[in-house]
Amino acid sequence: MRWVALLTLLFAMSLVCAQTEVAIPTPPQQFSLPANITVNGTIDLENVNITFVHEIFNPYNETVSLYMYYNFDGKALLKIFLDGKEIEPEIVSENEYYQSYRIELNIASNKSVEVTSVISYPTFRIYRGRGLWSNTYRFHFPIHLETKDFRRYVSLYGIARGEIKIPEKVYKVTCTNCRYYEGESIIRANYHGKNPRFSFSFKVKRTPYKAMVVYLLMLAGIFSYVIRKRAKP
Amino acid sequence: MIVLHYIKILYILRLKVLDMISIKGEKFLKIAWVIFFSGFFLGYTLRFLDVARFLAFGFEPIYPIHRETMYSMKALGYNVELEFLDVLRANIVPAVTTIGGGALLGIPSATLLFVIGIVSGASFAEIVEFTPLLMNIKVAICLAIFMGAMVFSASVGFQIGEKIYNTIRRKEIKVEREPYDHFLIASVLVILGIIIQYLLLVRA
């Protein structure tokens, strides 16, 4: 009996030791930063010209190192000013269909930085399922932040405000965290909260003249054939 | 006078070729044209009216011209490099499948021809509207050759189906000249289509 008890005790102790040896590492901490984002610009049928101003504050007791990423579908012209000085972004990936850039931000404890991004890119490109009778345009923030280590997404909280002029004859305007002023053809945003950003989409009517001509020619051929065959069955 | 003489020779040659390959009055060829054009008109109408906006996608193995055009235009999402082998594959597969479908009494041949018609119609509407005039002309040439190849392939398929049906019914095999002629024409058009598509759309 004594031997059984001793063996059981040894077995239990080995289990406890095995569990303490396999320690789960503490995951890195997530964090978010307060920020004010201002967006101004114009969108017309050819180009999008937008200026983003990010004021990011570091409330922590240590310096925060981040990457600010810019992602575009297609060719974009980009100028970035960090606290008033122009800096050259680092190219992450670049081809004719997709461009990704980034800049490095080191924000000291209890300090803030201001990043001004002046962006210009074409409005429409040929893409899957493009409508013949309308063009759909979707706008969303092409900028996001990630930490330098572990590539974690950095969330922001604060204000996103802005004013973007869009073309006049638009319809089916949908806005997320913003509002469309039809009389002025302006999208205005003033969003307070977590992950401050806004997005919208709108459609612009068009007439597919070239496709219509071909269609009418086909219809004319069909109708003339039907009429001829009807005359001489 | 010399020009008129050459025009006369070409006209006589055309009549001789037509007589040789027995195009006139060929019922299966007419049926194939009707099936293809019905699908083409349907696909064009659906795409033109924005009823179905994604008809041209997902059918690249049987209709290559849309992908080649989007690749030539550097359209978003078509950044994969296209080679001669891709063009070869995408032209031979529909032709062989359409001919081979005749073994099942021509029903798969008719179905595939109709589907190709729909896809080509939808694709043509999109290409005509969103690409420059020069590209429209290139695509129209490629499409005309591809259309001819598919119609003649389907005609061969229908004739194979008819022969199988007659064999089952009457237990006899009687093959005329038309299937062989149409098979040769389809082969020539497929080869011509491959070369033209590669030169005008992929390499351009």
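Since we're looking at a predicted model, the values are computed, not measured.
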Colleague: For Ile195(B), what residues pass the side chain to side chain contact (heavy atoms under 4.5 Å, CB included) criterion, not counting sequence neighbours?
Modeller: Ile191(B), Leu199(B)

Colleague: To the nearest 0.5 Å, what is the distance between CE (Met218(A)) and CZ (Phe124(B))?
Modeller: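 Output value for this atom pair is 8.0 Å.
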
Colleague: Taking all non-hydrogen atoms of both residues into account, name the closest pair between Glu129(B) and Thr207(A) and its distance.
Modeller: OE2-O, 4.1 Å

Colleague: Write out all pairs satisfying ring-ring contact (aromatic ring centres under 6.0 Å, His included) with one or both partners inside residues 81-102 of chain B, taking only residues at least two apart or from two chains.
Modeller: Phe84(B)-Tyr198(B)

Colleague: Would you find more than 12 non-hydrogen atoms of other residues, nucleotides or ligands less than 6.0 Å from Arg206(A) atom CZ?
Modeller: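 Above 12, so yes.
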
Colleague: Would you say Glu86(A) has more than 12 foreign heavy atoms packed within less than 6.0 Å of its CD?
Modeller: yes

Colleague: Which heavy-atom pair separates Lys210(A) from Leu133(B) by the least distance, and what is that distance?
Modeller: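 Here Lys210(A) and Leu133(B) meet closest at NZ-N, 4.2 Å.
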
Colleague: Taking atom OH of Tyr165(B) as the centre, report whether more than 12 heavy atoms of other residues, nucleotides or ligands fall under 6.0 Å from it.
Modeller: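 Count not over threshold, so no.
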
Colleague: How about residues 89-104 of chain B versus chain A: which residues have heavy atoms under 4.5 Å apart?
Modeller: none

Colleague: Should we count CZ of Phe223(A) as having more than 12 external heavy atoms under 6.0 Å?
Modeller: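 Not more than 12 within 6.0 Å, no.
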
Colleague: Do any side-chain atoms of residues 134-151 of chain B form donor-acceptor pairs under 3.5 angstrom with protein atoms, and if so which ones, sequence neighbours left out?
Modeller:
| from | atom 1 | to | atom 2 | distance (Å) |
| --- | --- | --- | --- | --- |
| Asn136(B) | OD1 | Thr131(B) | OG1 | 2.8 |
| Asn136(B) | ND2 | Val128(B) | O | 3.4 |
| Lys138(B) | NZ | Leu200(B) | O | 3.4 |

Colleague: Take the angle between the ring planes of Phe41(B) and Tyr215(A) and call it parallel below 30°, perpendicular above 60°, tilted in between.
Modeller: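 It falls in the parallel class, under 30°.
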
Colleague: How far does CG of Leu216(A) sit from CZ of Phe48(B), to the nearest 0.5 angstrom?
Modeller: 7.0 Å

Colleague: Quick one: closest heavy-atom pair of Trp133(A) and Leu49(B), and the distance?
Modeller: NE1-CA, 3.9 Å

Colleague: Which pair of heavy atoms, one from Ala125(B) and one from Ala211(A), lies closest together, and at what distance?
Modeller: O-CB, 4.0 Å

